Asks: 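What follows is a structure written as structure tokens; I'll ask about it next.
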There are 2 protein chains.
Amino acid sequence: MALAAVRSGTPARQPRERGAGGQTQQSLKSAQTRARLIDATIRCIVKVGYANTTTPQVAAEAGLSRGAMLHHFENGQALIKAAIVELHEKRLRAFRRAADTDNHDTTALVRTQWRQLQKPAFVAFHELALAARTHPELARILQPLQVEFRDRFNSQAVALFPEWQDDIVGFNVAMTLSQTLLEGMAINLLTGAMDEAMVEPMLCLLEKQIREMNPAMHKGHAG
Amino acid sequence: MALAAVRSGTPARQPRERGAGGQTQQSLKSAQTRARLIDATIRCIVKVGYANTTTPQVAAEAGLSRGAMLHHFENGQALIKAAIVELHEKRLRAFRRAADTDNHDTTALVRTQWRQLQKPAFVAFHELALAARTHPELARILQPLQVEFRDRFNSQAVALFPEWQDDIVGFNVAMTLSQTLLEGMAINLLTGAMDEAMVEPMLCLLEKQIREMNPAMHKGHAG
DNA sequence: ACTCAAAAACATGCATGTTTGTTTTTCGTG
DNA sequence: CACGAAAAACAAACATGCATGTTTTTGAGT
């Protein structure tokens, strides 16, 4: 996809949004096609990696001609950018859903997070994140989202687990531990650096560790 | 670099090794040039990422013409393969050195491992490892090395820390925890998913955790 | 008739592998 | 010891393939 420098003029062609709910059938179809293209992009990134994701490939994956695709996005970069935003919103939605599901149980959060990291979305996101290391253009898009996710995660999570309220730094450490370890596991599984059999022990260990860090343990009943 | 399918004939041009220690000045210079090319490859991977590492770039980085470079390696793939092997041996050497330095201190091993992960070699290795996910050719080269490293690490480490001898599974968990968490941290630092300020707390936490898992803690003096 | 989605055709740039040519080192031989 | 052939290091030029962005053409819906 290359993401080659793109002259900053020529904004991407947007489907004209009719003001008050007035979507023409065309603009609706256009939106669907756009969504299909974004999905195809993510699927391609998962399948062949970001580096080998080409515009023809995405078009083929979406069942469209390249010309049609460039009609909607005009640019490889625009497509990637849209895919990144989509992945980011997926991540936010998943977290919100998780927070609603296992209410006020930090250890359940571990399992939920782990399940999230098994999904293809994480693979795509990591591909993009690593590519961004050497791609200023990509980094400019990704960095703010990373920060936003961290912030939202922290502020939402701390509100969700009142027993940690008095030890915010400890809470941050616990959350960072969970995220970092789980992501490390997910990546090491992808790259074959870790044995599948170690997953379950690690998850148990992490749960135990977080349980021990919980302030509620030290207040009510010492142990 | 693309790593495109390469017809399996045409072996790489090797410098003729004189039998009994008889290195001609040519073969010596050739070895030096090869080393320079491998180094240049790794530097390129770190600088621009594996995907954007091209043969002209490597040649330029090494201060050679592309023709000269293809004289030594014949192939982009051969170059990458050599770089992988080099990185693998670097990793083994580093581990061996670490094992010699901080003798019999598992917590010191944490710091040493962390220092290793800060080096550019790790970046290059991870770039290659992730690329291998979608590159059968690369995976065929990398996978055995991953396994070999894991094996050597485990067998060497268990011999190094006799106090763990009775709890090998616990030892494996501890080592996996250390490796996975540290790598997760390193990667999340690279991708900007983690705050630099969290590094020190995490390292301390990991050290403490490993100390508590150590069987010696429970035998001699409880607590 | 007009607009926009979709497709096709076109031109450019770059990385790759191949081929050919030039300089330097090695080694046998007179 | 010198000279010339062989081989290897190095360099440059060539042809191909593919991805990219641009432009033009077709077709469907309002």
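In what follows, every chain begins at residue 1, and chains take the letters A, B, ... in the order their sequences are listed. Just so it is clear, the model here is predicted, and its values are computed rather than measured. Note: hydrogens, waters and symmetry copies are ignored here, and every other heavy atom, side chains too, is used.
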Asks: What is the distance, rounded to the nearest whole Å, between atom CZ of B:Arg66 and atom C1' of D:dA11?
Replies: 12 Å

Asks: For B:Gln77 and C:dT18, what is the distance between atoms CD and C1' respectively, to the nearest whole Å?
Replies: 17 Å

Asks: Return the nearest nucleotide to the side chain of B:Pro56; candidates are C:dA7, C:dA5, C:dA15.
Replies: C:dA15

Asks: Among A:Arg93, A:Arg91, A:Arg36, whose salt bridge (charged side-chain N to carboxylate O under 4.0 Å, His left out) with A:Glu86 holds?
Replies: A:Arg93

Asks: Hey, can you tell me if B:His135 and B:Tyr50 have their rings parallel, tilted or perpendicular (30° and 60° cut-offs)?
Replies: perpendicular

Asks: Please tell me if B:Thr33 has a side-chain N or O lying less than 4.0 Å from either OP1 or OP2 of D:dC10.
Replies: yes

Asks: A:Phe95 ring centre to A:Arg152 NZ or CZ under 6.0 Å, with the angle to the axis within 45°?
Replies: no

Asks: Heavy-atom count around A:Glu200 CD within 6.0 Å, excluding the residue itself: above 12?
Replies: yes

Asks: Whole angstrom is fine here: how far is it from CD in A:Glu74 over to P in C:dA5?
Replies: 13 Å

Asks: Counting side-chain heavy atoms from C-beta on, which of C:dA7, D:dA19, D:dC10 comes nearest to A:Thr54?
Replies: D:dA19

Asks: Within less than 4.0 Å of OP1 or OP2 of D:dA8, is there a side-chain N or O belonging to B:His72?
Replies: no

Asks: Calculate the interatomic distance between A:Leu70 atom CG and C:dA6 atom P; express it in whole Å.
Replies: 13 Å

Asks: Using whole Å, report how far CG of B:Leu37 lies from C1' of D:dA11.
Replies: 14 Å

Asks: Report the distance from atom CZ of A:Arg36 to atom P of C:dA5, rounded to the nearest whole Å.
Replies: 13 Å

Asks: Round to a whole Å and report the spacing from CD1 of A:Ile80 to P of D:dA19.
Replies: 14 Å

Asks: NE2 of B:His71 versus P of D:dA11: gap in Å, rounded?
Replies: 11 Å

